[in-house]
Amino acid sequence: MILFSLLVSLYLAVGNAALATASQPDTLAWLGSHLRGNLTLCAEFVQKKVMTALSRPLISKGRLIFLAGQGVLWRVMEPFPAKVLVKETEMIKSDEDGTARRLSYGQSPLFHALTQVFLSMFTGDLSRLETAFVVTPVQTGEDWRLTLSPNDPGFAKFISVIEVGGGRFVEELLISEPSGDKTMIEFINMDVDSCKLGEAEKATFAF
């Protein structure tokens with residue numbers, strides 16, 4: 001739910017060089033190949049929204065499912081059930097009673113750019129990140145980190161920097177805003193071998 005609120009609010013309104021084992025283009029090519037190829041991926045996520053106006057972070061937990069060619073489903077379990085399907089051309093929010101709402105990216109380049117981050121990281125197609133961000137990769141063995149700095153002044157009013165890191169999979173994502181607010185997402189129990197969808201999840205992807 002917090003993730004959905006972050007996306008909708010946006011819709012409405014180098015590391016140490018000695019650590020790098022290859023040049024930036026080579027590192028991006030390696031990482032794209034490293035992340036590409038999973039047709040289905042399941043994970044659990046814990047998201048913390050740290051706001052300067054609040055003394056405690058807002059926390060949500062749930063399950064993430066990536067299906068190649070169909071998008072990324074965020075199924076929020078806590079604190080309030082909700083399902084958010086992020087696709088190439090739109091986002092679909094489904095309530096537990098089955099009611100679905102669609103949001104088009106057409107009138108919000110900022111919103112579209114942010115969703116591309118999620119889709120790019122799970123598909124391994126990192127080249128499209130460079131249309132909206134200055135991308136700085138750092139690779140240390142099998143571990144990696146990307147720093148995404150907005151290259152559009154309008155975008156930079158809402159997002160200061162996005163940092164993504166992991167190993168075999170994407171493991172963490174941090175979105176920092178100029179206000180000082182931060183959204184941190186941790187992915188755990190990543191599974192590509194025995195990932196299975198429930199009937200409700202299959203129905204959501206069918207929208």
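The chain is numbered in sequence order, starting from 1.
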Can you list the steps and then say if S194 with D191 is a side chain to side chain donor-acceptor pair (under 3.5 Å)?
-> CA-CA 6 Å; S194 57; D191 178 19; 2.8 Å; yes
Evaluate the ring planes of F187 and W74, with Trp represented by its six-membered ring, and classify them as parallel (under 30°), tilted (30 to 60°) or perpendicular (over 60°).
->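 F187 and W74: tilted rings.
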[X] side, atom [atom1]; [Y] side, atom [atom2] - distance, nearest 0.5 Å:
X: L64; Y: R75; atom1: CG; atom2: CZ; answer: 12.5 Å
X: Q47; Y: T183; atom1: CD; atom2: OG1; answer: 6.0 Å
X: N189; Y: C42; atom1: CG; atom2: SG; answer: 11.0 Å
X: S160; Y: I175; atom1: OG; atom2: CD1; answer: 11.5 Å
X: R145; Y: L31; atom1: CZ; atom2: CG; answer: 12.5 Å
X: T52; Y: E177; atom1: OG1; atom2: CD; answer: 9.0 Å

Within the 4.5 Å heavy-atom criterion, are [X] and [Y] side-chain neighbours or not?
X: T147; Y: F133; value: no
X: L28; Y: L146; value: yes
X: K61; Y: E78; value: yes
X: L173; Y: M121; value: no
X: S60; Y: F80; value: no
X: V164; Y: W144; value: yes

[Y] reachable from [X] in the ILVMFWY side-chain graph, under 4.5 Å edges:
X: L119; Y: V84; result: yes
X: M184; Y: F158; result: no
X: F155; Y: L126; result: yes
X: I162; Y: V134; result: no
X: I92; Y: L197; result: yes

Please lay out, stage by stage, how L148 and V117 fare under the test side chain to side chain contact (heavy atoms under 4.5 Å, CB included).
-> CA-CA 9 Å; L148 309 176; V117 174; 4.1 Å; yes
Contact summary for [X] and [Y], nearest pair of heavy atoms:
X: M190; Y: L41; result: CE-CD2, 3.6 Å
X: I59; Y: P79; result: O-CD, 3.5 Å
X: P57; Y: K48; result: CB-CB, 4.5 Å
X: A132; Y: N151; result: O-OD1, 2.9 Å
X: T204; Y: L73; result: CG2-CD1, 3.7 Å
X: M51; Y: L58; result: SD-CD1, 4.0 Å

Looking only at atom types and distance, does a side-chain atom of [X] sit under 3.5 Å from a main-chain N or O of [Y], one as donor and one as acceptor?
X: Q139; Y: G141; value: yes
X: T40; Y: L67; value: no
X: S33; Y: W30; value: no

Scan K83, R63, K196 and name whichever one has a salt bridge (charged side-chain N to carboxylate O under 4.0 Å, His left out) with E201.
->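 Filter result, single survivor: R63.
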Full working for side chain to side chain contact (heavy atoms under 4.5 Å, CB included) between F45 and V76 = CA-CA 9 Å; F45 70 85; V76 182; 4.2 Å; yes
Residue pair E163, K182: steps toward the salt bridge (Lys or Arg N to Asp or Glu O under 4.0 Å) verdict | CA-CA 11 Å; E163 299 173 71; K182 298 179 184 294; over 6 Å; no
